[in-house]
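Side-chain atoms are counted along with the backbone in the values below, which use heavy atoms only and exclude waters and symmetry mates. Here is how names work: the chains are called A, B, and so on, in the same order as the sequence lines, proteins then strands, and each is numbered from 1.
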Amino acid sequence: MDKVLTSPHLRCRRHTRGIMTDVVIALVPTTLAGCIIFGLPAVLTLTVAVVFAVAAEAVCCKLQKRCQSIADMSAVVTGLLLGLSLPATTPWWQTAVGSVFAVAVVKCIFGGLGFNTVNPAICARVFMILSFAEVLSYPVPDGADTVASATPLSYLEAGADLSIVKLFFGVRGGCIGEVCIGAILLGMAYLLYKRVIRIHIPASYLGAVFLLSLIFEDGDPIRALMWTLSGSCVLGAVFMATDYVSSPATPVGKLLYGAGCGALTALVRFYGGYPEGVSFAILFMNFTVPFIETVTEATVFGTKRGGICLHSKM
Amino acid sequence: MRQLHHDIYRASGKRLAGVGVPKRKNTDAVTPYKMPSPGEVILPMSMHIGKPALPAVKVGDSVCMGALVGEADGTMSSPVYASISGMVTEIPVVTLPGGRTSAAVRITSDGEERPCASLEIPYITGRDSFIKAVEKSGIVGLGGAGFPTHVKLDVEFSSADVLVVNCAECEPYITSDTCTAVNCTDEAVLGIMSVLEYLGIPRVVIGLEEGNVHMLMAAQKIAKEVPNAELSLLRDYYPQGAERVLIYHTVGRVVKMGQLPIHAGVIVVNISTAAELGRYLKTGVPMLTRCVTVDGGAVRERRNVTVPVGTKVRDLINFCGGLCERPKVLLFGGPMMGVEADSFETPVSKNTNAILTLTAEEMNLSAPSNCIRCGSCLAACPYSIDPAAIGRALKRKNAESVSAHRVDACMECGCCSYVCPAKLPLAENNRRAKIFLKEVRNNG
């Protein structure tokens, strides 16, 4: 049946694969920076993450008798994002387990792309944090004059100061993708230019982290900025929280969601038992998305809701 | 380099959303070709919204150009006139684009093009005789909807305070309105002036897209002739020509759901309808021909053609050099809202503004995949409806949820389907959802 039944008989050129490819392109600077800073182990981790994610997708499609969906590039994005949110020293088999968990358990069991309630990469990372201790021990890149296995966050928590310039270019400890803020922002600029994402979620996310850090740090803007730029906060705000499937579609909803992620991140950092709260914050906010979408639903033109006609100009 | 146009024009405080469709106005502002009288015409009794007309002739009757062949059945109907002279050879039932069927009158030409002697210029003294004349002219909304014009204009004297002239031709390909505006400016002025005068409307706004240069020139000419006419330039995106969108963007008024423009004090008339009205008032000849854009990759010569109403698509396409390949789809109207015809025997109706023979490459089709919840459909919908949510609710057969998302407000402009990166048939879903709701309501 190749007959078109109804209008419109014209479609635009944007398609899912193109969007996913754009995300991969946006991740190229971050990936390169990570590989340069951490060297061969980073390359290995990323490769394992992507290969196992794609393989898991292919196997799941086969087992579930769905049509093969590896061509939509979403498994590549999931694998790459998971790899980037892991330390370069993660044992390869752990990365593989995480990748398979992300694609098979978080995504495919629910019916594949679009049917998952939570972000696969984030959920897999939380799963790995809870299962493997290595995920939270960070390597330190060569040349950084830092104490071994300490991340900027542990410095900040100990009350020490950091150089913002070093944070920006990634000369510090941390996960593969989170260290070079400049590369992440470059990727964000590309996504915004290509209209893949909108600024709402990253802005409200980072804004909320900054504001809360400002409050907790008694109004010291420099230290608040360091809190915002360290850890996987920027990576999470730009690439993880903006995942279409697990974030709200309405503009106001995006702002609320981003702010919620930011607030939770800061709260976990300052009061929680874990040094970093990005994964937990986003995972938790994923579950609130249906609620946020219902609350922030736009008023249909020419109709009234709650007695107010938002479009009325008369 | 790939063109970087905006796919989605997002809503702002004063603007409704829409999509940037490719223009493809290949037939821009050429004097329309006049098609010679075809060998036969098929005049469907239903070329408008409302009750079909009743055939007023029998097989074997001889008719002249302008003779009544279909009598209006009540007020919400419109008469049909013979567009060629000849003999009635059959009263068949024909399938119209979109699958509806209707009785029709087939007239075989005698080649003489005899005009009827009885036609006379209408004598108009005031509102009532004006409406009567419009009713007799057989004019319906020529922009595509086919709403009987006399019903639209049948409002209390001075109950409307603004007339909006729809010059926004936002569908790709179609240029028949532009063509009419450029070539029949005087008639359009007369049509607009008479509506203003007989209905007591003090204000007129001409709404058009800023990118349509030919239309802009014609509109400026019209504005010079019509006292106090205002031009309202709209940004270049689809669907600026949709009635409620146009009213909101030109005069800033909201036509509430389930209401007509007159409830907001507005009457909207398409520029082609106005020109046809002016021509009728000047000559007394009812609606016999119309300007049609013939375009699409499969037709040899893309042109605007003035054709007798009831001309078969086959004859029209042959006049345009025939087909150079098999089209994927034969459309009546634009690619966004047009309906598909299944046969080249289908006749051109009063409200047919374009015949498009689209090839598969032009339509840019691909197979649907899963919804990735990107929110493009929601952002592109002029009315801020959430088609993805309606689709999910429909899948669950949840009537309450379908109706809570206001699917009944959907005008089926197709913006959602157009932008969807997963290529889902969202507009079609909305149509199905409306039918589903109707069924649920009928079953209690």
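A salt bridge does not link Arg406(B) to Glu297(A): none of the charged side-chain nitrogens sits closer than 4.0 Å to a carboxylate oxygen.
To the nearest 0.5 Å, the span separating NE2 on His15(A) from CD1 on Ile372(B) amounts to 11.5 Å. Note that SG of Cys420(B) is 9.0 Å distant from CZ of Arg14(A), once rounded to the nearest 0.5 Å.
For residues 50-68 of chain A, a heavy-atom distance under 4.5 Å to chain B picks out no residue at all.
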For side chain to side chain contact (heavy atoms under 4.5 Å, CB included), just list the numbers for Arg195(A) and Asp7(B), CA-CA rounded to whole Å, side-chain angles, deciding distance to a tenth of an Å, and then say yes or no. CA-CA 9 Å; Arg195(A) 292 165 195 268; Asp7(B) 278 325; over 6 Å; no
Apply side chain to side chain contact (heavy atoms under 4.5 Å, CB included) to Arg11(A) and Ser417(B), showing your working. CA-CA 7 Å; Arg11(A) 301 302 182 92; Ser417(B) 295; 4.0 Å; yes
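Taking 4.5 Å as the limit, every side-chain heavy atom of Arg13(A) sits out of range of all side-chain heavy atoms of Pro421(B).
Chain A forms more heavy-atom pairs under 4.5 Å with one residue of His405(B), Glu362(B), Glu412(B), Gln259(B) than with any other, namely His405(B). Of the listed residues (Gly414(B), Gly258(B), Cys374(B)), the greatest number of heavy-atom pairs within a distance under 4.5 Å of chain A belongs to Cys374(B). Chosen from Val196(A), Asp243(A), Val245(A), the residue pairing most often with chain B at heavy-atom distances under 4.5 Å is Val245(A). Across Ala409(B), Cys377(B), Cys371(B), the residue that shares the most heavy-atom pairs under 4.5 angstrom with chain A is Cys371(B).
Interface residue Ile385(B): backbone and side-chain heavy atoms are both found under 4.5 Å from chain A. Contact of Leu10(A) with chain B is made through backbone and side chain together, with heavy-atom distances under 4.5 Å. In this structure, chain A has a heavy atom under 4.5 Å from the side chain of Arg10(B), while its backbone stays farther away. Of the two parts of Ser376(B), only the side chain, counted from C-beta on, holds a non-hydrogen atom closer than 4.5 Å to a non-hydrogen atom of chain A. Contacts between Met336(B) and chain A at a heavy-atom distance below 4.5 Å involve backbone atoms as well as side-chain atoms. For chain A, the nearby part of Leu331(B) is the side chain; its heavy atoms alone come within less than 4.5 Å.
Within a 6.0 Å radius of CZ in Phe344(B), more than 12 heavy atoms belonging to other residues, nucleotides or ligands are found.
Below 30°, between 30° and 60°, or above 60°: for Phe301(A) and Tyr248(B) the angle between ring planes is above 60°, a perpendicular geometry.
Taking both residues in full, the closest heavy atoms of Phe115(A) and Asn370(B) are given as CE1-ND2, 3.6 Å, listed atom of the first, atom of the second, then distance. Considering all non-hydrogen atoms of both residues, Gly302(A) and Arg244(B) come closest at CA-NH2, 4.0 Å. The two atoms that bring Ser384(B) and Ala298(A) nearest to each other are CB-CB, 3.8 Å, heavy atoms only. Scanning all heavy atoms of the two residues, the minimum distance from Arg373(B) to Glu293(A) falls at NH2-OE1, 3.1 Å.
Evaluation of the side-chain hydrogen bond (donor to acceptor under 3.5 Å, both in side chains) rule for Asn286(A) yields Tyr257(A) as partners, not counting sequence neighbours.
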